[in-house]
Amino acid sequence: MHDQLARASVGRAGEYLALSRISRAGHECTLVNNNADDAYIKTTNNLLLTLQIKTAGFIPLNYKSYSFHTRNLSKQKRSDIWAFVALDIEKIFFCRGDDLSIKSGHTRLRPTMFLNEKTLMEEVFNSFF
């Protein structure tokens with residue numbers, strides 16, 4: 001039970017971190033209780049997008065990358081944008097929902113993929129205009 005509560009706390013912290021960064025970039029966003037999406041975003045150009053947020057608290061000792069649980073994705077619509085949060089360094093990797101780096105089951109991302117967060121977020125958002 002304690003592990004489940006800890007995972008929920010890490011996930012919630014990642015959601016709030018992602019939403020704060022998106023809000024700071026000038027977009028409106030709202031956390032939702034929905035099976036397919038974690039948030040809705042209204043961009044500065046009034047486009048409505050869906051967001052999925054995945055959070056990893058840290059890199060396990062024997063690994064060289066962050067691991068994110070990305071459930072079986074083949075059977076459902078993917079969110080427009082995905083935010084992978086590395087909570088220990090407070091960085092986010094943004095990508096489109098149709099990005100091939102999102103794997104069914106587990107997605108692994110190296111720490112270097114989180115370095116250009118602001119530029120990457122802008123590129124992903126601009127790809128919808």
Side-chain angles (χ1 to χ4, degrees):
M1 179 73 164
H2 183 267
D3 286 344
Q4 190 175 23
L5 289 173
R7 279 193 305 273
S9 294
V10 166
R12 185 66 64 193
E15 289 172 345
Y16 286 125
L17 181 63
L19 294 183
S20 72
R21 299 283 169 80
I22 293 167
S23 292
R24 200 163 86 196
H27 308 288
E28 294 178 38
C29 48
T30 303
L31 198 59
V32 297
N33 188 9
N34 181 328
N35 287 338
D37 309 303
D38 291 321
Y40 297 142
I41 302 166
K42 184 177 180 184
T43 67
T44 54
N45 294 352
N46 291 322
L47 183 65
L48 293 174
L49 299 171
T50 57
L51 175 69
Q52 179 67 227
I53 304 165
K54 296 296 180 184
T55 306
F58 59 93
I59 298 177
L61 291 176
N62 296 333
Y63 295 162
K64 295 180 181 178
S65 60
Y66 291 94
S67 179
F68 300 91
H69 177 68
T70 46
R71 63 190 176 277
N72 187 352
L73 301 170
S74 60
K75 297 178 183 174
Q76 61 185 344
K77 175 204 164 286
R78 287 191 184 192
S79 298
D80 297 315
I81 297 175
W82 283 55
F84 292 93
V85 179
L87 197 56
D88 59 340
I89 59 172
E90 296 185 7
K91 296 286 184 182
I92 305 167
F93 175 80
F94 289 94
C95 64
R96 289 178 56 103
D98 56 4
D99 191 303
L100 296 177
S101 64
I102 304 172
K103 305 294 183 201
S104 189
H106 279 86
T107 298
R108 297 190 188 281
L109 301 174
R110 295 178 312 281
T112 55
M113 297 178 79
F114 293 87
L115 296 179
N116 298 316
E117 173 187 323
K118 186 176 179 186
T119 302
L120 191 56
M121 179 174 53
E122 290 173 6
E123 288 175 5
V124 170
F125 275 69
N126 289 338
S127 72
F128 288 95
F129 304 129

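Counting from 1, the numbers follow the sequence of the chain as shown. Everything quoted here is computed from the prediction, not taken from an experiment.
- Nearest approach of Cys29 to Ile22, heavy atoms of both residues: SG-CG2, 4.1 Å.
- To the nearest 0.5 Å, the span separating NZ on Lys91 from CG on Leu120 amounts to 12.0 Å.
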Problem set entry | side chain to side chain contact (heavy atoms under 4.5 Å, CB included) assessment of Asp38 paired with Leu51 | CA-CA 6 Å; Asp38 291 321; Leu51 175 69; 5.6 Å; no
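- Of the possible polar contacts, none joining the Gln52 side chain to the Trp82 backbone as a donor-acceptor pair under 3.5 Å is found.
- Ring centroids of Phe68 and His106 are separated by 6.0 Å or more, keeping the two rings apart.
- Of all heavy-atom pairs spanning Ser79 and Thr50, the tightest one is CA-OG1, 3.3 Å.
- With a 6.0 Å cutoff to the six-membered ring centre and a 45° limit on the axis angle, Arg21 does not count as a cation-pi contact of Tyr16.
- Within the cation-pi definition used here (under 6.0 Å to the ring centroid, within 45° of the axis), Arg108 does not qualify as a partner of Tyr66.
- When the side chains of ILVMFWY residues are joined at heavy-atom separations under 4.5 Å, either directly or via intervening members, Leu100 and Met113 end up in two distinct hydrophobic clusters.
- Closest heavy-atom contact between Ala83 and Ala18: CB-CB, 4.2 Å.
- Of the N and O atoms on the side chains of Asn45 and Thr43, not one donor lies less than 3.5 Å from an acceptor on the other residue.
- Closest approach of Ile102 to Arg96, counting heavy atoms only: CD1-O, 3.7 Å.
- Residue Leu48 is found outside any hydrophobic cluster, as its side-chain heavy atoms come under 4.5 Å of no other Ile, Leu, Val, Met, Phe, Trp or Tyr.
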